[in-house]
Undergrad: 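Please see the structure below; I have some questions.
Order of the sequence lines sets the chain letters (A, B, ...), proteins ahead of strands, with each chain counted from 1.
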Amino acid sequence: MKANVETCLGLFEVTFSSKGLVSVVFPNGENERMLPNDLEFPSKEDFELWLGITSRALRNFMEGIEPSELPPFDLSLGTPFQQEVWNKLLEIQWGEVWTYARLGRELGKPNGARAAGSACGANPIPVLIPCHRVLSSSGGLCGFTAGLPWKQRLLELEGAWLPLKSASAA
DNA sequence: GCGGTAAATTATG
DNA sequence: CATAATTTACCGC
């Protein structure tokens, strides 16, 4: 069940299942990914409700405003570890920036930064699940499924510039 | 400080 | 089992 959400940065494509939001695709379609075909469709009521919430949240993001409400997520397509990571990402406060090392450590994997990054890369719901707030330990952006420019732009939007080199702006 | 190589963790073929 | 993914640590320059 797909739908489009228009923001000032472009048209996002969102997908819902009977459990909630399944994926968000950037306007450039960079992070398009394989979704299971056996997803159950949501009821018309839920779909319209979630779409409204998602639409509002997405547009808030694009304007640098913290969304007051988020739709339910259907994380059933991820592995337990990935769900743990994504859930952790949701705990990152607006404008706060973490590192993969810290993320891994919070998950009980002190050396699992790579694994955490891998799970982030598998994140089907960018922006709403703030995978863009996670940087490398050296202050670099490292990478982003939908392209580094998006990651950088999202961080800029919420006023969370690189913590280690914020003085080098301009 | 920068670039290359080795190591660590989870997911996927 | 081997390879890949949004990394980190170490070594030499």
Undergrad: May I ask you to decide if the ring planes of A:F26 and A:W150 are parallel, tilted or perpendicular, using 30° and 60° as cut-offs?
TA: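 If you compare the ring of A:F26 with that of A:W150, the planes turn out tilted.
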Undergrad: Is the distance from OP1 or OP2 of C:dT7 to the nearest side-chain N or O of A:R114 less than 4.0 Å?
TA: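 It does, given that an N or O in the side chain of A:R114 lies less than 4.0 Å from OP1 or OP2 of C:dT7.
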Undergrad: Rounding to an integer number of Å, can you tell me how far A:F81 CZ sits from B:dT10 P?
TA: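 After rounding, the reported distance stands at 6 Å.
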Undergrad: Counting side-chain heavy atoms from C-beta on, which of B:dT10, C:dT8, B:dA8 comes nearest to A:T99?
TA: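 So the side chain of A:T99 is nearest to C:dT8.
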Undergrad: So, A:R153 and A:E156, do they make that salt bridge, N to O below 4.0 Å?
TA: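 Looking at A:E156 together with A:R153, the answer is no, because their closest N to O distance does not fall below 4.0 Å.
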Undergrad: Does the pair A:E48/A:K44 count as a salt bridge with the N-to-O cut at 4.0 Å?
TA: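 Salt bridge: yes.
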Undergrad: Which part of the nucleic acid does A:G143 contact within heavy-atom distance under 4.0 Å: base, sugar-phosphate only, or nothing?
TA: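 It contacts base atoms.
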Undergrad: Starting from P on B:dT9, measure out to CZ on A:R102 and report it in whole angstrom.
TA: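 The distance from CZ of A:R102 to P of B:dT9 comes to 21 Å, rounded to the nearest Å.
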Undergrad: Between A:R102 and A:E96, is the closest basic N to carboxylate O distance under 4.0 Å?
TA: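 Salt bridge present between A:E96 and A:R102.
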Undergrad: Could you give the CG-to-P distance, from A:L141 to C:dT7, as a whole number of Å?
TA: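 For the pair A:L141 CG and C:dT7 P, the rounded distance is 12 Å.
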Undergrad: Using purine N1 to pyrimidine N3 plus N6-O4 or O6-N4 for Watson-Crick, or N1-O2 and O6-N3 for G-U wobble, each under 3.5 Å, what pairs with B:dG1?
TA: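 Pairing partner: C:dC13.
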Undergrad: Expressed as a whole number of angstroms, how long is the span from A:N31:CG to C:dA5:P?
TA: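 Value for this atom pair: 15 Å.
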Undergrad: Ignoring hydrogens and angles, tell me if any N or O in the side chain of A:Q83 forms a donor-acceptor pair with the backbone of A:G78 under 3.5 Å.
TA: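 Judged by distance alone, yes, a pair lies under 3.5 Å.
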Undergrad: May I have the distance from A:Q83 (atom CD) to B:dA11 (atom P), rounded to whole angstrom?
TA: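 Spelled out: CD on A:Q83 to P on B:dA11 is 11 Å.
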Undergrad: To the nearest angstrom, how far is A:L77 atom CG from B:dA11 atom P?
TA: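 In whole Å, B:dA11 P and A:L77 CG are 13 Å from each other.
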Undergrad: Give a yes/no answer on whether the side chain of A:S118 brings an N or O atom under 4.0 Å of OP1 or OP2 in B:dA11.
TA: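 No, no such contact exists.
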Undergrad: Would you indicate, yes or no, if B:dA8 has its OP1 or OP2 atom less than 4.0 angstrom from a side-chain nitrogen or oxygen of A:K109?
TA: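 Result: no.
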Undergrad: Picking from C:dT8, B:dA11, C:dT7, which would you name as closest to the side chain of A:Q82?
TA: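 Comparing C:dT8, B:dA11, C:dT7 against the side chain of A:Q82, the answer is B:dA11.
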Undergrad: Among B:dT9, B:dA11, C:dT8, which nucleotide has an atom closest to any side-chain atom of A:T79?
TA: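 Given the options B:dT9, B:dA11, C:dT8, the side chain of A:T79 is closest to B:dA11.
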Undergrad: Over how many whole Å does the gap from A:L103 atom CG to B:dT9 atom C1' extend?
TA: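 Whole-Å distance recorded here is 13 Å.
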Undergrad: In whole angstrom, give the distance that lies between atom CD of A:E84 and atom P of B:dT10.
TA: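 Taking atom P of B:dT10 as the reference, CD of A:E84 is at 10 Å.
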Undergrad: So what does A:A113 touch, heavy atoms closer than 4.0 Å: a base, only the sugar-phosphate, or nothing?
TA: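 Counting heavy atoms under 4.0 Å across all strands, the contact made by A:A113 is with sugar-phosphate only.
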